[in-house]
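Atom set for the values below is all heavy atoms of this structure, side chains included, hydrogens, waters and symmetry mates excluded. Not measured: the values here are computed from a predicted model.
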Amino acid sequence: MAAQALRRHIGVPGLVVHYLTSVLGVGLLVIPVLAWTTAGPLSLLAWGILIVYSYPFALVFAKLSTLHPTSKGVAQFVEVAFGRRAGRVAALYLLMTLLAANPVLGLIAGRYLLAALAPGASNRASLAAGALVILGCIALNLLGLKVSGRVQLGVLAVVVGVLCAVITLALPQGGTANLGPFAPHGWSALGDCLLICFFGFIGWENAAPVAEEVRDPARTFPRGILWAVCVVGVLYFAMALTVALTLPADQSTQEQLTGFTRLLRLATGADHSTLGYLVAAVLLVLTTNAWCLGTSRVVFALAREGIVPRGLSRVSPRTGTPSRAVLALVPGYSLTLGLLVATDSNESVLIKASSAAYLLVFLLAFLSAMRLVRTGPMRWTIRLVTAVTVLMLPFMGISVGYAAAMLAAAMLVEAWLSRYERERKDRREGESQHEGLREGEGLREGEGLREGEGLREGDQERTGPLGATAWDPASHPTSYPARETATPSHHHPPDRRKR
């Protein structure tokens, strides 16, 4: 078995790329149009709130990752703050959330690919294409972080350049007339819009599982997070503003999917829908790859602690990648994909169902941070993001119910694991005690045999040639007293002749 440790080789540029590819994607292409359709110009307020919120939000995760740089991520923070059992519940809940929600980006990427290559394909065909995208990302992760990181960096630079060009050319084509009235669906739509836009900021926590592979975390994380938040904030608001100024608010589901291609048409004056679909698909593939990376590290950390099968913690000596943990994503994602195919549902169901689940993950991390960071200005930042996260929960609607169900399932699994471990421990202690008793009995039997053999050997020494016992005066001191012998005298006997 290879050593169960990961190599530290991610610097500031690599961490920035990982942050960007974890966060950008659906939040840059689909969600701006979806939020605009839901709340109109009020969606710009939702974007502004979440962009401002994202920096302290990401900063807290960076601080925790600096203090506890391990692949276990949020679960490690919870365990240090609240104990082993709470940490295991958080680990199981995080794993369920990742396996349920991560396929979203791959499925949207597959839908864009089919829109470019086979327009009019069925929903199940799009799901199949998304499954192929996910399998491709899993295969890329098997090559190692260095190889996948270089691919991510090169492709990301091209895609972001294209997006910036589209925004720059399309923005002047719009008009401020689209911004009135500011709240066409009422201020209550702000809650739904926050729920939708929040999914675009999921990914900041995805850097925590790779903390074990970051060089000098105390220096790398603060610098990486500052660059990443600035780039993400500018791109998100620029895209949301471009959508608000150029596209109508009443759009169908298909028009929401093709929002970026319509911006591309405005920017170039020609129909480049195929190119737009391909650019969107490539960006989403990058994000899918980053999320597969983060989830595989969580599986690796849980396997290393025995929460999932320990065999998944094996690290490839050639690539330094936990290859079995990466491959475990195939059956892990299959359940979610199978349910969507069976019900003929699309990925929007996963977006609404998993937003509160991620929010609860963040809340667990922030509550842990309140215990772990008690001094310095960071404690006020932690209190701020905790309060904002709690205030956002009521706006999540039915998504809170899905999150509560997954949390309950994680608690039940952890209770079963604890019971199994106690029973196994008791069984081992009973077996060791039984073995100790058997060893004690064996020792006593051996000593008895040795004593018996010693007695028999002594008897044989005292036995004559015909089997009669030889007389031993020392052993029979009273039966046969020793004969008294006359002591020789030095006086001569009297001379009877003289008498």
Once the angle between the rings of [X] and [Y] is folded into 0 to 90°, is it parallel (under 30°), tilted (30 to 60°) or perpendicular (over 60°)?
X      : Y      : value
Phe57  : Phe366 : perpendicular
Tyr420 : Trp416 : parallel
Trp204 : Tyr19  : tilted

Could you tell me which non-hydrogen atom of [X] sits nearest to which non-hydrogen atom of [Y], and how far apart they are?
X      : Y      : value
Glu305 : Arg310 : O-NH2, 3.7 Å
Gly40  : Ser43  : O-OG, 2.7 Å
Val298 : Pro209 : CG2-CG, 3.8 Å
His18  : Ser22  : O-OG, 2.6 Å

Phe198 and ring-ring contact (aromatic ring centres under 6.0 Å, His included): which single residue from Tyr358, Trp47, Phe362 fits?
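Checked Tyr358, Trp47, Phe362 against Phe198; only one passes ring-ring contact (aromatic ring centres under 6.0 Å, His included): Phe362.
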side-chain hydrogen bond (donor to acceptor under 3.5 Å, both in side chains) between Asn123 and Asp344, worked out:
CA-CA 7 Å; Asn123 179 63; Asp344 197 16; 2.9 Å; yes
Less than 6.0 Å separating the ring centroids of Phe201 and Tyr236?
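Yes.
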Centre-to-centre under 6.0 Å for Phe77 and Phe82, is that the case here?
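Judged by ring-centre distance (under 6.0 Å), Phe77 and Phe82 do not meet the cut-off.
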Where do Arg88 and Ser418 land on the side-chain hydrogen bond (donor to acceptor under 3.5 Å, both in side chains) test, with the steps shown first?
CA-CA 10 Å; Arg88 293 208 307 181; Ser418 298; 2.9 Å; yes
Got a salt bridge between Arg419 and Glu423, using NZ or NE/NH1/NH2 to carboxylate O under 4.0 Å?
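Salt bridge flag = yes for Glu423 with Arg419.
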Please walk me through it: do Ser345 and Thr343 pass side-chain hydrogen bond (donor to acceptor under 3.5 Å, both in side chains)?
CA-CA 5 Å; Ser345 302; Thr343 58; 2.9 Å; yes
